[in-house]
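Structure record follows, encoded as structure tokens.
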Amino acid sequence: MKFATWNVNSLAVRLPQLLDWLAANPVDAVVLQETKLSDDKFPQAEIEAAGYHVAFHGQKTYNGVALLTRGHLAEKVVKNIPNHGDDQARLIAGTLGNIRIIGGYFPNGQAPDSDKFVYKMKWLDALREWLRAELAEHPQLVLMGDFNIAPEDRDVYDPVAWAGQIHCTPEERAHFQGLLGLGLHDAFRLFEQPPKSWSWWDYRELRFRKNQGLRIDHILVSDALKSRVTACTIDKLPRKNERPSDHAPVVVELALA
DNA sequence: ATGGCGTACATAGTACGA
């Protein structure tokens, strides 16, 4: 069983790349971020024609998330964090078999002294409290998405330059550790990985060509799933496309129960 | 040098991303 997360940075632009990627990588579920489409513009028919059911929660211009599942419709779909007032479309969850799948586009935060950082902290607080309840109800749970947090210095191409900057602040990293504290595990770090593994590279300054990026897209698995995880990889191939997203997909593989 | 690139929308210069 394979699950993936991908920040596509506009599904309107990246739909052909998504369909190509799914044809080459027939995962059981994928969560998308930054679809940047209101629900009336979502390409549901094209995705269904590719063999995927889809639930989506979007808005015009910014944000927007989707959950694609192959073969089965996701059940008990939730859009955004319940009981957390939010006018930004940033979260979608659904159940596939016995596994709760949550896809999130975590707030960027812009700068540590900004209002957007305050919003990010509140969003992370609400996420943690809701996840605590979700985990109690669904012990087999996967949390995937664009976290906009580089958990450790080894997730940053230049940790000195990025020290204290957005994605690398102690507050953001404490939140990431807080999620692990709920009984979640960073699937990527369950395995030996190449050094300088990133999931995002700035479009500017030839960052991809120089392999200077951040690892900010993550897949966390619950205690109950940890022993089933057999691999977790970042697929850099789509970043080599013409007109790529600035993020690469992250994929996790689980042994059948 | 606070920009460099890419995306969306008030389709022209801004806002935003990370």
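In what follows, every chain begins at residue 1, and chains take the letters A, B, ... in the order their sequences are listed.
Between A:K120 and B:dG17, a side-chain N or O to OP1/OP2 separation shorter than 4.0 Å is absent. Note on A:Q110: every side-chain N or O is 4.0 Å or more away from OP1 and OP2 of B:dA18. Put simply, A:R14 has a side-chain N or O that comes within less than 4.0 Å of OP1 or OP2 on B:dT7. For the OP1/OP2 pair of B:dC16 and a distance below 4.0 Å, the side-chain nitrogens and oxygens of A:N63 include no atom meeting the criterion. Regarding contacts with the backbone of B:dA18, a side-chain N or O of A:Y105 is found under 4.0 angstrom from either OP1 or OP2. For A:R243, a side-chain nitrogen or oxygen approaches OP1 or OP2 of B:dT7 to under 4.0 Å. An OP1 or OP2 oxygen of B:dC9 is reached within less than 4.0 angstrom by no side-chain nitrogen or oxygen of A:K36. When the side-chain nitrogen and oxygen atoms of A:S10 are compared with OP1 and OP2 of B:dA8, one or more of them lie within a distance under 4.0 Å. Residue A:N9 has no polar side-chain atom (N or O) positioned under 4.0 Å from OP1 or OP2 of B:dG6. Residue A:H167 places none of its side-chain N or O atoms closer than 4.0 Å to OP1 or OP2 of B:dG17.
Protein atom OH of A:Y203 is 16 Å distant from nucleotide atom P of B:dG4, rounded to whole Å. A:N241 has its CG atom 15 Å from the C1' atom of B:dG6, to the nearest Å. Here the P atom of nucleotide B:dG4 and the CG atom of A:D246 are 16 Å apart, to the nearest Å. Remark: P of B:dA18 and CD of A:Q33 are 10 Å apart, rounded to the nearest angstrom. Nucleotide B:dT7 holds its P atom 12 Å from the CD atom of A:E242, rounded to whole Å. Atom CD in A:Q165 sits roughly 16 Å away from atom P in B:dG17 (whole-Å rounding). Between the CG atom of A:N7 and the P atom of B:dC16 there is a distance of 17 Å, given to the nearest Å. Distance, A:Q212 CD to B:dC5 C1': 15 Å, rounded to whole Å.
Annotation: B:dT7 and B:dA12 have their C1' atoms spaced 15 Å apart (nearest Å). Comparing the same atom, P, in B:dG6 and in B:dA10 gives a spacing of 23 Å after rounding to whole Å. Separation of the C1' atoms belonging to B:dG17 and B:dG3 is 15 Å when rounded to the nearest angstrom. Only the P atoms considered, B:dA18 is 23 Å distant from B:dT14, to the nearest whole Å. If you take atom C1' in B:dT2 and the same atom in B:dA15, they sit 15 Å apart, rounded to whole Å.
Among the atoms of the strands shown, none is found under 4.0 Å from any heavy atom of A:L206. Heavy atoms of A:D146 sit under 4.0 angstrom from primed sugar atoms or phosphate atoms, though from no base atom.
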Q: Would you check, one step at a time, whether the test salt bridge (Lys or Arg N to Asp or Glu O under 4.0 Å) holds for A:R173 with A:D153?
A: CA-CA 10 Å; A:R173 288 178 169 178; A:D153 279 354; 3.0 Å; yes
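Counting non-hydrogen atoms of neighbouring residues, nucleotides and ligands closer than 6.0 angstrom, the NZ atom of A:K79 exceeds 12 such neighbours. The number of heavy-atom neighbours closer than 6.0 Å to CG of A:D40, taken from other residues, nucleotides and ligands shown, is above 12. Within a 6.0 Å sphere centred on CG of A:D20, heavy atoms belonging to other residues, nucleotides or ligands number more than 12.
Salt-bridge formation is detected for the pair A:R189/A:D155: a Lys NZ or Arg NE/NH1/NH2 atom is positioned less than 4.0 Å from an Asp or Glu carboxylate oxygen.
Contact annotation: side chain of A:N108 to base of B:dA18, donor-acceptor pair present below 3.5 Å.
Here the nucleotide nearest the side chain of A:Y62, chosen from B:dC16, B:dA18, B:dT7, is B:dC16. Minimum atom distance to the side chain of A:W200 is reached by B:dA18, of the listed B:dA18, B:dC5, B:dA8. Candidate nucleotides B:dA8, B:dG4, B:dT7 were compared by shortest atom distance to the side chain of A:R204, and B:dG4 ranks first.
Using modelled atom types, one finds a donor on one side chain and an acceptor on the other under 3.5 Å when comparing A:Q17 with A:N241. No side-chain donor-acceptor contact under 3.5 Å links A:D202 and A:Y157.
Where A:N148 and A:P244 each meet DNA chain B at their nearest nucleotide, the meeting point lying more 5' is that of A:P244.
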